[in-house]
A.B. asks: 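One structure, pasted below without further comment.
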Amino acid sequence: MALCDDAGEAGSAVASHTMVTVLVVFVVAALIQLTGALYVRGILVDAAAAGARQQALAYAPPGAAQERVRELLAKAAPGVSVSRLVVTRTPAGPSLPGRSLVVVDVDATLPILGPIGIPGGLHARGHALAEERTWRGRGG
């Protein structure tokens with residue numbers, strides 16, 4: 001009598017290999033999607049901060065932050081759409097009396113399957129200390 005009977009397991013290597021291959025493909029696809037979502041989040045955070053810095057310049061025109069955020073997102077993540085972009089000025093706080101902060105809030109699409117995703121699924125906020133406009137006349 002044999003201790004191992006291989007007759008009942010004929011063909012199981014093919015089925016096992018197929019199931020493991022499908023599992024590995026799904027895991028790799030999930031990792032690629034996670035990497036893409038993290039990339040878009042990083043770009044969104046950078047764009048919000050750059051927009052805040054742009055609007056915080058002393059002689060920046062109104063809408064400079066929106067233009068900068070949309071420009072950076074269009075170049076770095078073309079498939080991402082912005083669902084909300086709000087720029088506000090708030091007091092800097094008691095440590096910097098009389099100064100203000102520029103705050104840029106951006107909501108964008110969270111990519112789930114390639115560029116297709118959840119609108120407003122990602123949120124980023126950028127801050128910058130606003131420059132003051134100063135004018136020095138002649139001789140001063």
A.B. asks: What pair of heavy atoms forms the shortest contact from A60 to Q54, and how long is it?
C.D. replies: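 Minimum heavy-atom contact is CB-O, 3.3 Å.
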
A.B. asks: How far apart are the closest heavy atoms of G120 and D107, and which atoms are they?
C.D. replies: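 Scanning both residues, the minimum pair turns out to be CA-CB, 4.2 Å.
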
A.B. asks: Are L73 and I118 joined in one hydrophobic group, where the rule is that I, L, V, M, F, W and Y side chains link up if heavy atoms are under 4.5 Å apart?
C.D. replies: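 Linked within one cluster.
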
A.B. asks: Are L44 and L110 connected in the hydrophobic side-chain network, where two residues link if heavy atoms are under 4.5 Å apart?
C.D. replies: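 Same cluster.
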
A.B. asks: Can you list everything that forms a side-chain hydrogen bond (donor to acceptor under 3.5 Å, both in side chains) with R70? Sequence neighbours excluded, please.
C.D. replies: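 R70: no side-chain hydrogen bond (donor to acceptor under 3.5 Å, both in side chains) contacts found.
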
A.B. asks: Has the side chain of Q33 got a donor or acceptor atom that lies under 3.5 Å from a matching backbone atom of I112?
C.D. replies: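 Looks like yes, one N/O pair under 3.5 Å.
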
A.B. asks: Would V45 and L101 show up in the same hydrophobic cluster when neighbours are defined by side-chain heavy atoms closer than 4.5 Å?
C.D. replies: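 Result: no, two separate clusters.
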
A.B. asks: How close do P111 and A37 get, counting heavy atoms only, and between which atoms?
C.D. replies: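 Looking at all heavy atoms of both residues, the closest pair is CG-CA, 4.0 Å.
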
A.B. asks: Please determine whether the number of non-hydrogen atoms from other residues, nucleotides or ligands lying under 6.0 Å from atom CD of E71 exceeds 12.
C.D. replies: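 More than 12 within 6.0 Å, yes.
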
A.B. asks: Is there a chain of hydrophobic side chains (I, L, V, M, F, W, Y, each step under 4.5 Å between heavy atoms) that links V82 to V86?
C.D. replies: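 Different hydrophobic clusters.
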
A.B. asks: On a heavy-atom basis, which atom in G51 and which in A65 lie closest, and how many Å separate them?
C.D. replies: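 So the minimum-distance heavy-atom pair works out to O-CB, 3.2 Å.
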
A.B. asks: Quick one: does any side-chain atom of R68 pair with a main-chain N or O of A47 as donor and acceptor, under 3.5 Å?
C.D. replies: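 Side chain of R68 to backbone of A47: no pair is present.
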
A.B. asks: Who are the side-chain hydrogen bond (donor to acceptor under 3.5 Å, both in side chains) partners of S81, not counting sequence neighbours?
C.D. replies: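 So S81 forms a side-chain hydrogen bond (donor to acceptor under 3.5 Å, both in side chains) with T109.
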
A.B. asks: If every non-hydrogen atom of E131 is compared with every non-hydrogen atom of A58, which pair is closest and at what distance?
C.D. replies: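 Closest heavy-atom pair between E131 and A58: OE1-N, 2.9 Å.
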
A.B. asks: Please report the closest heavy-atom contact between V104 and V106, naming both atoms and the distance.
C.D. replies: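 Heavy atoms of V104 and V106 come nearest at CG1-CG2, 3.8 Å.
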
A.B. asks: Which of these, V24, L31, V25, sits in a side-chain contact (heavy atoms from CB on, under 4.5 Å) with V28?
C.D. replies: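 In the set V24, L31, V25, the residue that makes a side-chain contact (heavy atoms from CB on, under 4.5 Å) with V28 is V24.
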
A.B. asks: Nearest 0.5 Å please: distance from the CG atom of L85 over to the CD atom of Q66.
C.D. replies: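 Result: 5.0 Å between the selected atoms.
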
A.B. asks: If Ile, Leu, Val, Met, Phe, Trp and Tyr residues are connected whenever their side-chain heavy atoms lie under 4.5 Å apart, and connections chain through other members, are L72 and V40 in the same group?
C.D. replies: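 The answer is no; the residues belong to distinct hydrophobic clusters.
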
A.B. asks: Evaluate the side-chain proximity of V87 to V102: yes if any heavy-atom separation is below 4.5 Å, no if none is.
C.D. replies: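 They are in side-chain contact.
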
A.B. asks: Using modelled atom types only, decide if a donor and an acceptor are shared between the side chain of Q55 and the backbone of A64 within a distance under 3.5 Å.
C.D. replies: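 Yes, because the side chain of Q55 sits within donor-acceptor range (under 3.5 Å) of the backbone of A64.
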
